[in-house]
Protein chains: 4
Amino acid sequence: MDKKTRLPKQRRAIENKALLLEAAKKLFTEKGYLNTNSNEIVKEAGISIGTFYAYYKDKKEVFMEIIDEYTREYNMKLEEALNSIRNDNDRDYLKAIILATMDISKKYYGFEDELIAMRYTDNDIKLQNEINQKYIISKIKGMLNRMHFKNQNQDIAAFLLFCLVDNFSYNIVHQSDLDVDASVEHCIDMILSYTKT
Amino acid sequence: MDKKTRLPKQRRAIENKALLLEAAKKLFTEKGYLNTNSNEIVKEAGISIGTFYAYYKDKKEVFMEIIDEYTREYNMKLEEALNSIRNDNDRDYLKAIILATMDISKKYYGFEDELIAMRYTDNDIKLQNEINQKYIISKIKGMLNRMHFKNQNQDIAAFLLFCLVDNFSYNIVHQSDLDVDASVEHCIDMILSYTKT
Amino acid sequence: MDKKTRLPKQRRAIENKALLLEAAKKLFTEKGYLNTNSNEIVKEAGISIGTFYAYYKDKKEVFMEIIDEYTREYNMKLEEALNSIRNDNDRDYLKAIILATMDISKKYYGFEDELIAMRYTDNDIKLQNEINQKYIISKIKGMLNRMHFKNQNQDIAAFLLFCLVDNFSYNIVHQSDLDVDASVEHCIDMILSYTKT
Amino acid sequence: MDKKTRLPKQRRAIENKALLLEAAKKLFTEKGYLNTNSNEIVKEAGISIGTFYAYYKDKKEVFMEIIDEYTREYNMKLEEALNSIRNDNDRDYLKAIILATMDISKKYYGFEDELIAMRYTDNDIKLQNEINQKYIISKIKGMLNRMHFKNQNQDIAAFLLFCLVDNFSYNIVHQSDLDVDASVEHCIDMILSYTKT
DNA sequence: CATGAATGAGCTTTCATTCAT
DNA sequence: TATGAATGAAAGCTCATTCAT
């Protein structure tokens with residue numbers, strides 16, 4: 001088989017591909033990945049179904065491309081956030097990470113649910129996720145170093161921080177009964193109490 | 001249009017319903033919820049499709065019944081674990097919670113992935129989950145009390161512990177590159193360092 | 001095959017059969033023949049599905065038994081109506097026929113729609129209907145005689161009267177924008193103007 | 001959930017839609033509406049099931065489209081018949097109406113049974129029918145005017161004529177024991193005797 | 001006689017993907 | 001390149017009827 005999907009070289013082609021991606025993102029966000037079919041995507045994009053399959057192998061490929069965008073954006077945000085801290089204050093570092101994570105959750109509200117679900121359900125996306133998770137944990141390890149965290153097991157520590165921040169950020173964005181700012185401070189407290197012991 | 005699903009009264013009926021549930025659990029675990037259809041379930045159970053629809057409104061209803069089982073089992077395990085601690089040692093309490101959570105993840109390995117995915121994807125299951133999550137957080141609050149944790153905001157603290165334990169337990173069970181026992185101890189350290197501050 | 005349906009000899013049996021018939025009539029009337037399934041009938045009657053099939057070969061047999069009832073009742077009403085006329089007044093005769101027909105339409109409102117539909121759709125019922133139609137036409141012929149109608153072709157005349165009265169009675173009962181009494185009088189006028197010419 | 005049925009633009013598409021309609025008409029006529037399923041229709045048309053659902057929401061929609069055809073054809077025939085009368089002879093007018101009605105019954109022999117049954121059974125079709133019935137009655141009223149029929153209640157008169165002609169035409173076409181031509185003449189006699197009184 | 005659990009053929013409908021134009 | 005009509009496997013679900021208890 002190995003049916004290559006066309007590489008868009010010309011301007012119209014690039015535009016079409018972008019239109020399809022945006023349409024897909026919109027519909028996946030509003031109705032969910034499974035409840036959106038390819039015909040709806042092309043209708044939303046104002047492009048024909050044939051063109052869709054010229055650029056994307058299948059529906060999942062569009063989805064994965066949106067995930068790439070999401071991941072790139074998150075990693076960039078994280079980088080920026082950490083780089084913007086100039087005073088070497090640990091609280092600030094941690095807060096930057098948490099807020100960046102929450103920001104992404106807000107920006108991709110709705111779509112992120114679909115993405116998380118696929119992480120548990122689809123092997124390709126699970127794999128893709130594991131790689132990125134490792135990358136983020138490595139970033140956290142780097143930050144722990146800058147924070148002069150001298151524990152015998154930095155890998156475990158970074159992993160723990162990741163588990164906490166990851167789940168906390170999603171949950172705090174998606175439910176309303178707790179005071180958000182206070183919660184963020186507590187989350188930082190928890191991490192600092194651990195790393196400073 | 002009051003089409004009730006039959007409630008099994010006779011012995012054979014009860015057995016058949018159980019067989020269907022087991023078959024569904026097996027297939028959901030092995031192949032995933034979406035990749036399993038009702039005909040496969042009845043084939044696996046050795047029962048006719050009509051019987052399936054006599055007991056279950058649709059595939060999701062079987063799924064939700066398995067979730068109920070999972071939830072009941074988890075809550076029971078949690079209860080038992082906490083009750084078995086006799087010496088009022090905080091470490092032991094926390095370890096009991098973490099190990100109970102990890103146990104359930106191991107026992108429902110595979111199926112749990114489907115369950116988590118559905119939490120992000122299906123509104124009924126999302127709701128069901130939110131209720132149980134609140135219940136577990138209330139349990140954690142109770143434990144914090146017993147641990148004489150005197151923080152100004154117990155709700156946030158319990159929420160934080162939940163986020164950490166929930167994500168940690170799943171991840172530690174599903175990946176192998178960290179030392180499990182050491183990680184559990186670190187997780188407890190982190191919590192204790194926070195609650196003892 | 002030739003699976004005989006049990007003849008109900010004992011009291012309970014007769015009661016059960018009657019209960020089933022009533023339940024079926026009710027549901028056929030409310031929801032239509034096709035939208036009523038055998039399980040709903042037995043549920044409504046408070047009797048088991050097995051018992052249903054002990055007394056009736058299938059769903060259609062119940063339906064046909066209700067038609068028998070309908071037909072018997074109509075023919076009786078017609079007979080009574082004609083016999084009650086003592087003064088040999090033609091108007092009275094015709095009115096009696098029309099009102100009897102309308103009465104039946106009112107009493108079996110809802111069910112009659114199902115019955116008529118089946119006349120056009122099911123061969124057995126079509127046949128059954130043709131026989132009864134002939135019987136009614138013969139009654140009309142008898143009445144024409146009593147009315148001293150001396151046309152060269154009584155068969156055609158009776159057929160015409162049947163066509164008019166049959167359709168008129170149904171339509172006048174099932175729609176409200178015309179004055180019913182006036183319409184009945186006009187209908188009689190039309191018939192008399194024809195038979196008296 | 002705006003799933004539109006495609007409107008056929010290209011030649012092949014138009015042909016396919018027509019093929020499906022013809023196949024459906026044929027099967028509905030031969031085997032009845034209820035005994036025909038969508039797979040049989042597409043098989044008869046030599047077209048795939050997916051294409052069927054691209055053009056028709058469901059089986060009933062095809063049916064209703066055939067009814068539209070039937071209705072259009074009947075109304076046209078009626079119009080033509082009335083317009084072709086040049087000598088203002090009442091007999092001719094009435095005969096034209098009756099023959100046009102009988103013609104349609106002959107042309108749609110078999111299918112008409114299904115249509116009539118649905119009028120009594122399906123609410124959409126019942127409604128559609130009531131509208132057309134009113135239209136025909138208004139046509140009859142127009143004709144009564146041209147015939148200088150001066151009765152106090154033209155609405156009732158037109159309604160009566162409709163009832164008679166409608167039922168007579170169907171019955172005379174569908175049963176053979178009466179002399180058709182003679183019956184038609186008698187039917188006209190009956191109407192004239194009434195309208196001329 | 002009565003019960004009601006079980007059966008499974010049969011029908012409807014969807015949608016990812018292809019390919020002729 | 002772009003189009004969109006056509007495909008058909010695959011899934012969901014119903015219900016008249018049987019038969020073991």
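Just so it is clear: chains get the letters A, B, ... in the order the sequence lines come, proteins before strands, and each one is counted from 1. These numbers come from a predicted model, not from an experiment.
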Inset, instruction - Would you check if the side chain of A:N35 reaches a backbone N or O of A:K31 as a donor-acceptor pair within less than 3.5 Å? - result: yes
Inset, instruction - Check side-chain contact (heavy atoms from CB on, under 4.5 Å) between D:E22 and all other residues, then give those that pass, not counting sequence neighbours. - result: D:K25
Legend entry - Among F:dC13, E:dT17, F:dA6, the one nearest D:T51 by side-chain distance: F:dA6
Legend entry - NZ/D:K59: more than 12 non-hydrogen atoms of other groups inside 6.0 Å: yes
Inset, instruction - Please state how far atom CG in D:N16 lies from atom P in E:dA20, giving the value in whole angstrom units. - result: 15 Å
Inset, instruction - Take the protein atom CD of D:E61 and the nucleotide atom P of E:dT13, then report the distance between them rounded to whole Å. - result: 11 Å
Inset, instruction - Assign each of B:I49 and D:S48 to its nearest nucleotide of DNA chain F by heavy atoms, then name whichever residue's nucleotide is nearer the 5' end. - result: D:S48
Inset, instruction - Would you kindly give the NZ-to-C1' distance between C:K60 and F:dC15, to the nearest whole Å? - result: 17 Å
Legend entry - Nearest-Å distance for atom pair CD/P, residues C:E15 and E:dC1: 13 Å
Inset, instruction - Sticking with atom P, work out how far E:dC1 lies from F:dT21, rounded to a whole angstrom. - result: 23 Å
Inset, instruction - Mind telling me whether C:F63 and C:F111 have parallel, tilted or perpendicular rings, with 30° and 60° as the class edges? - result: tilted
Inset, instruction - Find the partner of F:dA20: check Watson-Crick (N1-N3 plus N6-O4 or O6-N4) and G-U wobble (N1-O2, O6-N3) distances, both under 3.5 Å, and reply none if neither fits. - result: E:dT3
Inset, instruction - Quickly work out the C:L20 CG to E:dG4 P distance and round it to whole Å. - result: 14 Å
Inset, instruction - Identify the nucleotide, in any strand shown, that forms a Watson-Crick or G-U wobble pair with E:dG8, with both distances under 3.5 Å; if there is none, say none. - result: F:dC15
Inset, instruction - Would you kindly give the NZ-to-C1' distance between B:K59 and F:dA10, to the nearest whole Å? - result: 12 Å
Inset, instruction - Please report, rounded to the nearest Å, how far the P atom of E:dT18 is from the NZ atom of A:K57. - result: 11 Å
Inset, instruction - Within residues 26-47 of chain D, find the residues that approach DNA chain E with a heavy atom at under 4.0 Å, and present them sorted by residue number. - result: D:N37, D:S38, D:N39
Legend entry - Within 45° cone of C:Y33 ring axis and under 6.0 Å: C:K60 NZ or CZ: no
Inset, instruction - Flag this pair as yes if the NZ/CZ of C:K17 is under 6.0 angstrom from the six-membered ring centre of C:Y56 and inside a 45 degree cone about the axis; otherwise no. - result: yes
Legend entry - Nucleotide nearest D:Y53 when distance is taken to its side chain, options E:dA5, E:dT13, F:dG12: E:dT13
Legend entry - Lys/Arg N to Asp/Glu carboxylate O, B:R119 vs B:E130, below 4.0 Å: no
Inset, instruction - Starting at atom NZ of C:K17, determine the distance to atom P of E:dA2, rounded to an integer number of angstrom. - result: 12 Å
